[in-house]
Q: 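So that we are looking at the same thing, I have put the structure below in structure tokens.
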Number of protein chains: 2
Amino acid sequence: MKEKKKISNSVIKRMPRYYRYLSTLKQMGISRVSSKDLSTRMGITSSQVRQDFFSFGGNGLQGYGYDVEFLHGEIHKILGLDNIHPVIIIGAGSLGHALAKHTDFAKSGFKVVGVFDIKPELIGEKINDIEIMHLESLPEFIQNNPVDIAVLTVPENYAVEVAKMVTGLGIKALWNFSPVELNTPEDIIVENIHMIDSLIVLGYNLNER
Amino acid sequence: MKEKKKISNSVIKRMPRYYRYLSTLKQMGISRVSSKDLSTRMGITSSQVRQDFFSFGGNGLQGYGYDVEFLHGEIHKILGLDNIHPVIIIGAGSLGHALAKHTDFAKSGFKVVGVFDIKPELIGEKINDIEIMHLESLPEFIQNNPVDIAVLTVPENYAVEVAKMVTGLGIKALWNFSPVELNTPEDIIVENIHMIDSLIVLGYNLNER
DNA sequence: TAGATTGTTAATCGATTAACAATC
DNA sequence: TAGATTGTTAATCGATTAACAATC
């Protein structure tokens, strides 16, 4: 993958949004779109749209715009949405349950293959055909099943410890829902969903209004 | 609130993280901290920490560092964490349930006062003493109860419509969990938790590794 | 005092926006 | 053709980092 020119992180972070909107257009049977159009719907400038697409060769046509189908396909490729990533969820509380039930992730290639917890009363329960297993059986599970991503929906005071455990077992990517900094080694990829942070910023903006 | 000098958005977004870490330090009985210290734990530069604190008067002491208690208090004030924000949740699916059950939000001043859905079988059910009400009763509810923030955990195809409805009822802030752009009027404050976007970026980084 | 560490300015870097020639 | 809209460079803006005098 290294030979590709690097797309900047800020652009990558906008990609899923572009992708979502292009999916809608595709569904509506719309075949072309201008940077102007995209920009107003997404609340950014058309300059930025063009700059973004230019960074990976969006193949626009002067006087015409961009081909929805092509652009959609390009972003699909860039984001690697064809890849299937086996995912485990650690922590089968209500949030863990909600994520396990959420079938939409599978549409983007993220397939939940296991749910783990330590509470005896949860073990054996099934969520969407996936059995909740004891965290102790995780090492064995990983030996028999490839796992790309661990979702951390454990209580905050366990998060660091569990992160250490799963990265120790070879998992390279964490999707962390606990409101803590994981401080993982460099080669571990982490994405945080710090819900409370987002809510606090919302509250701040509301206060400042 | 306008007389205060504006703190940049990027700084504000880092605030909850600072705050969390300072809370930990406080709990551990640590009374001072240097920008160096904070920076290594948070994976940023010490220059940035100083710059950030300088922007709101962190009151550091040369040769000493920052007073944990003071800094904690300042950020608490800036973020307005003393304010109580009444919150309603719209959409009592598994995610709505999970958020309603999550008592930690209350610790930061966000108090869930109502949960709404349209599914008959859910109406009347209680989550943490909060009864699920029919969405039709929302207008009446809002007349009798102040509501600052609406959490949108409705299915994606309802999100825009529901957003329109609640902002029409006077709610000024939306915490949106649906993977759509809401395109709300200027004066409506929106924070998105686009989970799938985050997961896709995680997948991208994993592919690029 | 000497060492540590901030406050604060300046330099750098990167991202966004503007502009317009190219061209469909 | 004339109008639209991109590709692409340049300008601007803002955020991050570096530097170091001030000072505890």
Side-chain angles (χ1 to χ4, degrees), chain A residues 5-18 21-22 25 30-75 78 181 197 201 204-205 208, chain B residues 5-18 21-22 25 30-75 78 181 197 201 204-205 208:
Chain A
K5 56 211 160 266
K6 187 94 168 71
I7 300 172
S8 95
N9 205 255
S10 357
V11 176
I12 288 297
K13 269 172 19 203
R14 276 190 293 273
M15 288 292 213
R17 290 179 66 209
Y18 286 129
Y21 186 53
L22 289 166
L25 290 179
I30 292 167
S31 63
R32 60 186 259 196
V33 66
S34 70
S35 59
K36 187 80 205 319
D37 211 46
L38 269 162
S39 70
T40 52
R41 314 238 184 182
M42 298 195 35
I44 55 183
T45 63
S46 63
S47 232
Q48 182 162 62
V49 172
R50 287 200 296 284
Q51 199 63 278
D52 282 358
F53 293 172
F54 177 59
S55 78
F56 64 86
N59 237 353
L61 218 54
Q62 279 107 327
Y64 176 90
Y66 298 87
D67 183 282
V68 170
E69 186 101 24
F70 176 83
L71 206 51
H72 185 267
E74 278 308 287
I75 297 182
I78 289 164
E181 307 305 312
D197 291 19
V201 170
Y204 171 84
N205 289 324
E208 293 300 299
Chain B
K5 58 207 161 269
K6 185 96 171 71
I7 300 172
S8 95
N9 203 255
S10 357
V11 176
I12 289 296
K13 271 176 12 205
R14 277 191 292 273
M15 288 292 213
R17 291 179 64 208
Y18 286 130
Y21 186 54
L22 289 166
L25 289 178
I30 292 167
S31 64
R32 60 185 260 199
V33 66
S34 70
S35 57
K36 188 79 205 318
D37 213 44
L38 269 161
S39 69
T40 52
R41 314 238 185 182
M42 297 195 35
I44 54 183
T45 64
S46 63
S47 231
Q48 181 162 62
V49 173
R50 287 200 298 283
Q51 198 65 278
D52 283 358
F53 293 173
F54 177 60
S55 77
F56 63 87
N59 237 355
L61 218 56
Q62 279 108 327
Y64 176 91
Y66 298 88
D67 184 282
V68 170
E69 188 102 21
F70 176 84
L71 206 49
H72 185 267
E74 278 308 287
I75 296 182
I78 289 165
E181 307 306 313
D197 291 20
V201 170
Y204 171 84
N205 289 324
E208 292 301 300

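Convention: sequence-line order gives letters A, B, ...; per-chain numbering from 1. No hydrogens, no waters, no symmetry mates; every other heavy atom, side chains included, goes into these values.
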Q: Just how far, in rounded Å, is C1' of dT5(D) from CG of D67(A)?
A: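 Roughly 15 Å, once rounded to whole Å.
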
Q: With Y21(B), which residues qualify under ring-ring contact (aromatic ring centres under 6.0 Å, His included), at least two apart?
A: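 Not a single residue meets the ring-ring contact (aromatic ring centres under 6.0 Å, His included) criterion with Y21(B).
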
Q: If a protein heavy atom is under 4.0 Å from the base, mark B; if only from the sugar-phosphate, S; if neither, -; do that for nucleotides 18-24 of chain D going 5' to 3'.
A: BB--BBB

Q: Please, which pairs that meet side-chain hydrogen bond (donor to acceptor under 3.5 Å, both in side chains) have at least one residue in residues 31-40 of chain B, sequence neighbours excluded?
A: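 As it turns out, the side-chain hydrogen bond (donor to acceptor under 3.5 Å, both in side chains) pairs with a partner in residues 31-40 of chain B, which skip direct neighbours, are S35(B)-R50(B).
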
Q: Between dC13(D) atom P and Q48(A) atom CD, what is the distance in whole Å?
A: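 After rounding, the gap between these two atoms is 16 Å.
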
Q: So, is Y66(B) near the phosphate of dA4(C), with a side-chain N or O under 4.0 Å from OP1 or OP2?
A: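 Negative; the distance criterion is not met.
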
Q: Which is true for S46(A) with a 4.0 Å heavy-atom rule: it touches a base, it touches only sugar-phosphate, or it touches nothing?
A: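 It contacts nothing in the nucleic acid.
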
Q: In whole angstrom, what separates R14(B)'s CZ from dG14(D)'s C1'?
A: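 It works out to 12 Å between those atoms.
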
Q: So, taking the atom named CG in L22(B) and the one named OH in Y66(B), what distance separates them when rounded to the nearest 0.5 Å?
A: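 Rounded to the nearest 0.5 Å, the CG-OH separation comes out at 11.5 Å.
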
Q: Within the structure, does a side-chain N or O atom of R32(A) lie under 4.0 Å from either OP1 or OP2 of dT6(D)?
A: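 Checking R32(A) against dT6(D): no side-chain N or O falls below 4.0 Å of OP1 or OP2.
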
Q: Can you measure K36(B) atom NZ to dT6(C) atom P for me and round it to whole angstrom units?
A: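 It works out to 11 Å between those atoms.
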
Q: Find the distance I7(B):CD1 to dG14(D):P and express it as a whole number of Å.
A: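 These atoms are roughly 17 Å apart.
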
Q: So N59(B), base contact, sugar-phosphate only, or nothing? Heavy-atom distance under 4.0 Å.
A: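 Sugar-phosphate contact only.
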
Q: Does any non-hydrogen side-chain atom of I12(B) lie less than 4.5 Å from one of I78(B)?
A: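 Counting from C-beta outward, I78(B) and I12(B) do come under 4.5 Å.
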
Q: Does the side chain of R41(A) come within less than 4.5 Å of E181(B)'s, by heavy atoms?
A: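 When only atoms from C-beta onward are counted, R41(A) and E181(B) do not touch, as no gap falls below 4.5 Å.
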
Q: Applying a 3.5 Å limit to both distances, which nucleotide forms a Watson-Crick or G-U wobble pair with dT23(C)?
A: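 Partner of dT23(C): dA4(D).
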
Q: Rounding to an integer number of Å, can you tell me how far F53(A) CZ sits from dT16(C) C1'?
A: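 Taking CZ of F53(A) and C1' of dT16(C), I get 15 Å after rounding.
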
Q: Would a 4.5 Å heavy-atom cut-off, applied to side chains only, mark V49(B) and Y18(B) as touching?
A: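 The answer is yes; the side chains approach within 4.5 Å.
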
Q: Side chains of M15(B) and F56(B), heavy atoms from C-beta outward: is any pair under 4.5 Å?
A: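 Yes; the side chains approach each other to less than 4.5 Å.
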
Q: Grab the CD1-C1' distance between I12(A) and dG14(C) for me, whole Å please.
A: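 Rounding to the nearest Å, CD1 of I12(A) and C1' of dG14(C) are 16 Å apart.
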
Q: Over how many whole Å does the gap from D52(A) atom CG to dG7(D) atom P extend?
A: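 It works out to 12 Å between those atoms.
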
Q: In the structure shown, which nucleotide is the Watson-Crick or G-U wobble counterpart of dA15(C), with both distances under 3.5 Å?
A: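 Checking every strand shown, dA15(C) finds its partner in dT12(D), with both distances under 3.5 Å.
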
